[in-house]
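Each remark here refers to the structure printed beneath this line.
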Amino acid sequence: MSKIVFQRTKGLTEKEFSYCPGCTHGIIHRLVAEVLEELNILDKAIGISPVGCAVMNYEFFNCDMQQAAHGRAPAVATGIKRVRPDNIVFTYQGDGDLASIGTAEIVHAAHRSENITVIFINNAVYGMTGGQMAPTTLVGQKTTTSPFGRDARLCGEPIRMSELLATIPGATYVERVSVHDPANVRKAKRAVKKAFEIQMKGLGFAFVEFISTCPVNWGKTPQEALNWAKEHMINYYPLGVFREPKEDAQ
Amino acid sequence: MSKIVFQRTKGLTEKEFSYCPGCTHGIIHRLVAEVLEELNILDKAIGISPVGCAVMNYEFFNCDMQQAAHGRAPAVATGIKRVRPDNIVFTYQGDGDLASIGTAEIVHAAHRSENITVIFINNAVYGMTGGQMAPTTLVGQKTTTSPFGRDARLCGEPIRMSELLATIPGATYVERVSVHDPANVRKAKRAVKKAFEIQMKGLGFAFVEFISTCPVNWGKTPQEALNWAKEHMINYYPLGVFREPKEDAQ
Amino acid sequence: MAKVMMKGNEAMALAALKAGCKAFFGYPITPQSELPEYLAKHMPKYGGVFLQAESEVAAINMVYGASGAGVRVMTSSSSPGIALKQEGISYMAGAELPAVIINVMRGGPGLGGIQPSQADYKQITRGGGNGDYYVIAYAPEDLQETVNVIKEAFDVADLYSNPVMIAVDGLIGQMMEPVDVDMEVSKRELPEKTWATTGTQGKRPPVNINSLYLDPLNLEKHALKLAEKYRLIKENEQRYELVNMDGAELVIVAFGTMARIVRSAIELLSEEGIKVGLLRPITIWPFPEKAFNEIPDSVKGILSCELSTGQMIDDVKIANNGRLPVGFFGRTGGMLPEPEEIVSAVKAMLGGLKHE
Amino acid sequence: MAKVMMKGNEAMALAALKAGCKAFFGYPITPQSELPEYLAKHMPKYGGVFLQAESEVAAINMVYGASGAGVRVMTSSSSPGIALKQEGISYMAGAELPAVIINVMRGGPGLGGIQPSQADYKQITRGGGNGDYYVIAYAPEDLQETVNVIKEAFDVADLYSNPVMIAVDGLIGQMMEPVDVDMEVSKRELPEKTWATTGTQGKRPPVNINSLYLDPLNLEKHALKLAEKYRLIKENEQRYELVNMDGAELVIVAFGTMARIVRSAIELLSEEGIKVGLLRPITIWPFPEKAFNEIPDSVKGILSCELSTGQMIDDVKIANNGRLPVGFFGRTGGMLPEPEEIVSAVKAMLGGLKHE
Amino acid sequence: MINEKIICAGFGGQGVMLMGQLLAYAANEHNLNTLWYPSYGPETRGGTANCSVTISEMKVNSPVISQADTVFVMNLPSLAKFEGKVKPSGRILINSSLVDKKTERTDINAYYIPANEIALKLGNPRVANMVMIGAYLGLTKLFEKETIIKLLKKSFGEEKAHLIPINDAALQAGIDYIEENYPQ
Amino acid sequence: MINEKIICAGFGGQGVMLMGQLLAYAANEHNLNTLWYPSYGPETRGGTANCSVTISEMKVNSPVISQADTVFVMNLPSLAKFEGKVKPSGRILINSSLVDKKTERTDINAYYIPANEIALKLGNPRVANMVMIGAYLGLTKLFEKETIIKLLKKSFGEEKAHLIPINDAALQAGIDYIEENYPQ
Amino acid sequence: MAKGKITVDIDRCKGCGLCIEACPYDLLELTPDFVNKKGYQPMRIHTPEECIGCANCAMMCPDVCITVERL
Amino acid sequence: MAKGKITVDIDRCKGCGLCIEACPYDLLELTPDFVNKKGYQPMRIHTPEECIGCANCAMMCPDVCITVERL
Ligand SMILES: Cc1ncc(C[n+]2csc(CCOP(=O)(O)OP(=O)(O)O)c2C)c(N)n1
Ligand SMILES: Cc1ncc(C[n+]2csc(CCOP(=O)(O)OP(=O)(O)O)c2C)c(N)n1
Ligand code: SF4
Ligand code: SF4
Ligand code: SF4
Ligand code: SF4
Ligand code: SF4
Ligand code: SF4
Ligand SMILES: [Mg+2]
Ligand SMILES: [Mg+2]
């Protein structure tokens, strides 16, 4: 008697992802979709697509979606959640979107403790527009707008959004995870699940930062990219829980 | 033989301040102006006026000034400092300006460690527009847009900008001071001086947050306002140094 | 209903509540701040949401979200704040989302001043955002009309699934006049918002709110669909008032506060035996081109009177299409002319015309 | 100098460097990203500043600061990014600050698409920000002209102390053509920037850069000063090209990429014995109204051809002032017409005119 | 036919906005057309404030008052700023407690009311504005004192109901002052 | 008179952009007018990429190529997308290694070049694009192989100079393949 | 004996190889001499009998094209 | 005997009273029966001979209208 232990979640549509081969955006999509399915909230979920490589993920998530202007997903989510408090509202945003142009919106969604879930994809680069420097680009990392490697004197040291948001009283839950190997993928899923459960309990702003890859713009094979994420990204962006609701503290 | 121990600084023009009676914007202006004079940098200073009650302080500071769009003073300062690195560039911003609409600009000026000095006036309210709620308004505080008192459930708990910015590697110096009595005024001046000295040494982003009053919109006499700042504001916004350059650490 | 004295900003807020507005997102700015302040106080009673956003940019995107979720929503601001909303408004037009946006205009450019102005005419009617789109824009002249127009605006926004702007100046925002907020206004038959993101509730396939069309052919299709909608709006929604047209020698085109001042000028002129008509656009987009067909042959010229250095005059010229000489009178930066200034301008223009 | 093959975005960047641009602040967006990327690499050699801002809003305000400090500065973006810059542009116009702003247009509204478009015509020429102001806007058609115009634009911006926009579409940004970046262009005599904030250096009283005028009378004075400047610009800076006007039956008005396609259409038409002229605006603000005086009597109609649903046509109508029938042909959303489509549109219009 | 154009001007704290509002409210009570329009913005902070009221049996068109029937001058700066706005044979009501100058115009009717002194005598200097309104009522007979009282009650609410008697007294004192000093 | 309109189409990684650029560069070397225009944006990621090149003795007006003289088809999806763009009696060069279909059009000249196989034989499948360019040179004699080599040297720089010989061989192989299989 | 079984949606696979690295028993490879209609060499299992059904491959597949059964 | 002396710029003073609270010897007051041209009652020192010139008043004056000398 065979038992299916893994199959494509109903949280995803049949549409093929538009991501480059080996891009971990896909893994993260799956995790979010599986959580929506498992928590049985697909039918009341409303997601917000960013501007970034994930711009068309309204075609991938099998629930209602709104596509937001670059960086404004948390504001759009606020608009939705305030008028539809019984729905489950989440944003999915890249690091250009969330940590650069959308800084004010994410900080203030946290500040107000909007009861939403934010999935943050930190791939240290602007993927969609062809690999420009992001605020999260590592020092020395070459991108099309830091052709000589990011120079901390000129551009500062990369910004750590989880740490920054964790200082805000309204940020109920903040965790950074990675998907560079199966164990971390499984752990990441637990974080996503928790972030949605917090919303379901009405506890406020929940934020999961993913260390993600951009093999194409990093100029690496998919596996090299995972290795680089593990060796360099996680070094600067430590994984872990930066804030959680008191009742859940371990 | 008499000796003048206090007189109006040359850092200020002769123009009368436009502030309401007893508003501590005036004290803070004086401190900044005195420091500019004492450090002998008036002739190379370029200040940025915010949009807020201090919007016209280009008429008060006796140095070159630029008036910036609401919240964008750190971007304007960046533009100036990058092309005129030998000048001394500072912004003067209210809490609506800096902590609300200008969140992205201040966070990223800190992130890049722009070599500028930021004077931040936290008076827990939008003064100029007639007393609306600011992100810094205390819980329970009544304003024209929180007529029933700020409700943390709806608007979150007030944001602490010094603490938030202090998480950013590029924020070289972050201190919160108050001007509610002469001793604190004297202490505050030392902070302002340090913030400019850091710029002069090229050490990067220096930020001084002032607990300030808005007697008119708080509905209090000037002295009541000082007392309220001391009793309530400082309670929530603790004074102190949140970051400083290593060499200066005590 | 007896009329009550209300401040313009507050009357606008109340009108929105009466129109079933269930959410407001805004950011303080003079001279409109009493509008959000009124809603902060009264929205809870109406079971709606009031939220002060962190900026105008955030506010318009909250409006986008709430509108996309199917709810009647409003924002308000003043000139530079509207400039910041342009991207969001373009997105809403692109995604075909209804909302009411109030612009209580002040002097510009830049930070400018805070006194009444109409210098955002082009910002409003030409779409300061990117791409092929328009917002419907009403420019009422008194509080009763303002209130009525706002109540209709929510219907019109829903009918066409397009943002609607209310373009008033600081004077209308700040003044008090007697107003009946319960006056009946015409209602539109509205389609259900089946496109709204309410969660599928397991009852329908997912929907999405979106302005992205990567395939240019699809984007063109979408743009042409919008263009057809705008054509319909131009056909059906032009609104205007004609005053004193019979036998007029000259027609003044003016809206909002300026139209009121012109009315006084027209009275002064008629005392001197000079007949001048008023063509008052109530919609500034669509501009009431139709009204120009009703200008009688007695008219020898058109004078565009504006609280700006001359912006609506472009639309006057287009509508006039070379038929009559077009002149301009304006005050700007927050200055309001006295009726006598308009009287002089009219006389000067009539004098000039006789010399030709 | 031999011409070199360059991508439009890179040629624009290099042109700016050659014009003495010493600072660039921008934010990535397709289809203009090669422009900042080029500057990231080459600006250091020219001793200038390249900085990627956190957003378009920040970028334009950095430009404000650098310009206020007296330095030649540029930013570039594409349609929705320009929408976000509107407040800042209005501030710069208000504070009379020069800068060059490049808009590599893509389809809209909203996020729209990334293919070539001219649908920001109104956004650019009508000032999407608040208040009475205009930006000078060039709309070149090929890389050589683009490069030349950018080099002049820095002078023009400085001469009038006003932002200058370069309005090209994604095709011009992305294509390669042979170009001589060192071609001589006309230089203006420029006043010293005594208003710039450089620090007093103890040598002069403080200066300030500012667009605030709380007293409406002062704001009006300021607006009238700007208006006078704009009048001067209209008088002196209209630029256009007339092609094939002699004996033309019809005139097409088109700029940028559309003008190139029209040129091909005109050749096809002339092969069929149909004479059609091209009136090509090189400045879209000021719109070359003067050119319309040069339209010969042989012409029976005007066709506005645009990569939009019809925006420049308003200016065509104003300039035409009712003289000739005005028609429209457009593709939008990133679609580029084939010359044959324009041929058909011309024939259709000529046919219609004959029937009248 | 009633067609009154009124400007009230003074310091921010003198209650000049309320003066105008009360007159406009009263007009609305009588089903007259009316429009009230304040100066606004930071200029009102500390500096001078003013508002314009039009009361008319006809539709109110231009909100701008170039030629006022009545100007209230509550402090010195307002005299210079607004005396020119009074139309010939119009009236100017000057708070002589704070304005030690006389109007230079001879073509208008000037009334000097020591409003602050009168108010102080009644026990509260803040009702000087009501003394002036009383004077206006005495001069024009446009509205009854009772109408104003009723409107004040409404605008004060429960919380400030105890202030009604002193306001009443101030209004009456204004009426009386006119009767005694400027008998018609 | 030279007036060549060319479309190069294939997968993103096949170097189709470079193909077009080399032809445009070569045209510029010969002081011909030319315009190169790529498809751009995320569509090029993974999916198909293409570019258009016009080479002309006259001024290049419309950048849009509706009727191409030559279309390079480097992969299967490009065949469907672009075969309709070839003008009657124009030419289509198909990379038959990856395209197992033939064009359905009979009014054009089709050339099937197993570019990947040829390249693989030379030791590097990535020079399939140069094989195709070689074929084009063989067919049109528009430019000399040496011109292309010179341009390649410039664009490769020091770093990739070692790749010149294989590219040279690929170009030559393309020229040879045409000479052998499609003798003119 | 196999304890697990995987099925690959060949048309969805982009041949990124992440599953290959993830498999603890190194059972996976890119299919030689075959490209799918998107132009990628899809993954296949070369030694199906050794699969333990751990789903590590599926965990890492960005395109969600692997189904895993336990037998 | 006075060790200090203050001078007030009466026209600049807004009568906010912050100096009054700041004076350790309670020497300051708002001038009764006098308003300056801005309409404020300016501060004055009622017992000048007790001033120690500590400048606390000046420290707190938002309108920078106090000069302090030490004698
Ligand atoms: C207002 C605006 N500015 C810029 C852009 C262009 N743009 C599109 S995606 C993007 C950045 C995407 O980077 P990120 O958010 O990190 O997402 P990723 O693609 O890396 O997943 C930018 C700048 C835009 N569409 N709109
Ligand atoms: C874009 C824009 N939004 C809003 C305003 C209106 N506005 C002027 S000042 C201000 C807030 C001032 O508050 P704060 O920064 O705290 O300064 P304060 O007056 O309290 O010193 C606002 C919202 C504006 N001028 N521009
Ligand atoms: S560009 Fe980078 S982030 Fe975007 S889909 Fe490709 S690999 Fe992923
Ligand atoms: S409004 Fe408040 S912050 Fe502004 S000047 Fe007055 S007291 Fe100071
Ligand atoms: S299920 Fe486990 S053992 Fe089987 S192929 Fe996948 S990774 Fe390998
Ligand atoms: S991880 Fe998925 S997409 Fe990548 S090779 Fe394996 S099956 Fe294919
Ligand atoms: S200097 Fe000191 S003692 Fe003298 S008045 Fe001022 S606070 Fe009082
Ligand atoms: S602190 Fe200054 S402004 Fe205030 S009362 Fe004293 S002297 Fe006057
Ligand atoms: Mg990214
Ligand atoms: Mg404040």
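Chain identifiers are assigned alphabetically (A, B, ...) following the order of the sequence lines, protein sequences preceding nucleic acid strands; residue numbering begins at 1 within each chain. Just so you know, these numbers use all the heavy atoms, side chains as well, and skip hydrogens, waters and symmetry mates.
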Query raised in the report: Which region of A:Val179, side chain (C-beta onward) or backbone (N, CA, C, O), has a non-hydrogen atom less than 4.5 Å from a non-hydrogen atom of chain G, or is it both or neither?
Result: backbone
Query - Exercise: identify the closest heavy-atom pair between G:Asp63 and A:Arg8 - result: O-NH1, 3.5 Å
Query - Residues in residues 217-230 of chain A that sit under 4.5 Å from chain G, counting heavy atoms only - result: A:Pro222, A:Gln223, A:Leu226
**Report entry** side chain to side chain contact (heavy atoms under 4.5 Å, CB included) evaluation trace for G:Asn56 with A:Arg186
**Finding:** CA-CA 10 Å; G:Asn56 272 8; A:Arg186 292 187 171 96; 3.0 Å; yes
Query raised in the report: Looking at G:Glu69 and A:Ile4, what are the two nearest heavy atoms and their distance?
Result: CG-CG1, 3.7 Å
**Report entry** Residue G:Ile66 versus chain A: region with a heavy atom under 4.5 Å
**Finding:** backbone
**Report entry** Interchain contact, A:His180 with chain G, by part (heavy-atom threshold 4.5 Å)
**Finding:** backbone
Query raised in the report: Nearest heavy-atom pair of A:Gly22 and G:Pro62: which atoms, and what distance?
Result: CA-CG, 3.8 Å
Report summary line: When the 4.5 angstrom heavy-atom criterion is applied to G:Cys57 and chain A, the contacting part is neither
Query raised in the report: At a heavy-atom separation under 4.5 Å, does G:Cys13 approach chain A through its side chain, its backbone, both, or neither?
Result: neither
Report summary line: When every non-hydrogen atom of G:Lys14 is compared with those of A:Phe17, the smallest separation belongs to NZ-O, 2.9 Å
Requested in this report: Find out whether G:Lys5 and A:Ser2 are in side-chain contact, i.e. whether some heavy atom of one side chain is under 4.5 Å from a heavy atom of the other.
Outcome: no
Requested in this report: Assess whether atom OH of A:Tyr236 is packed by more than 12 heavy atoms of other residues, nucleotides or ligands within 6.0 Å.
Outcome: yes
Report summary line: Residue pairs passing the salt bridge (charged side-chain N to carboxylate O under 4.0 Å, His left out) test with at least one member in residues 53-66 of chain A, sequence neighbours excluded, are A:Lys15-A:Glu59, A:Asp64-C:Arg204
**Report entry** Which of G:Cys65, G:Ala55, G:Ala58 touches chain A most, by non-hydrogen pairs under 4.5 Å
**Finding:** G:Ala58
Query raised in the report: How far does CD1 of A:Ile27 sit from CE of G:Met60, to the nearest 0.5 angstrom?
Result: 4.0 Å
Query raised in the report: Hey, is the main chain of G:Cys61 close enough, under 3.5 Å, to the side chain of A:Arg30 for a donor-acceptor pair?
Result: no
Report task. Just give me the residue among G:Ile20, G:Leu18, G:Thr67 that pairs up with chain A most often, heavy atom to heavy atom, under 4.5 Å. Result -> G:Leu18
Query raised in the report: A:Leu31 versus chain G, heavy atoms under 4.5 Å apart: side chain, backbone, both or neither?
Result: neither
Report summary line: Of the listed A:Ala33, A:Ala183, A:Cys23, the one with the largest count of heavy-atom pairs under 4.5 Å with chain G is A:Cys23
Requested in this report: Check whether any side-chain heavy atom of G:Met59 lies under 4.5 Å from a side-chain heavy atom of A:Lys189, and answer yes or no.
Outcome: no
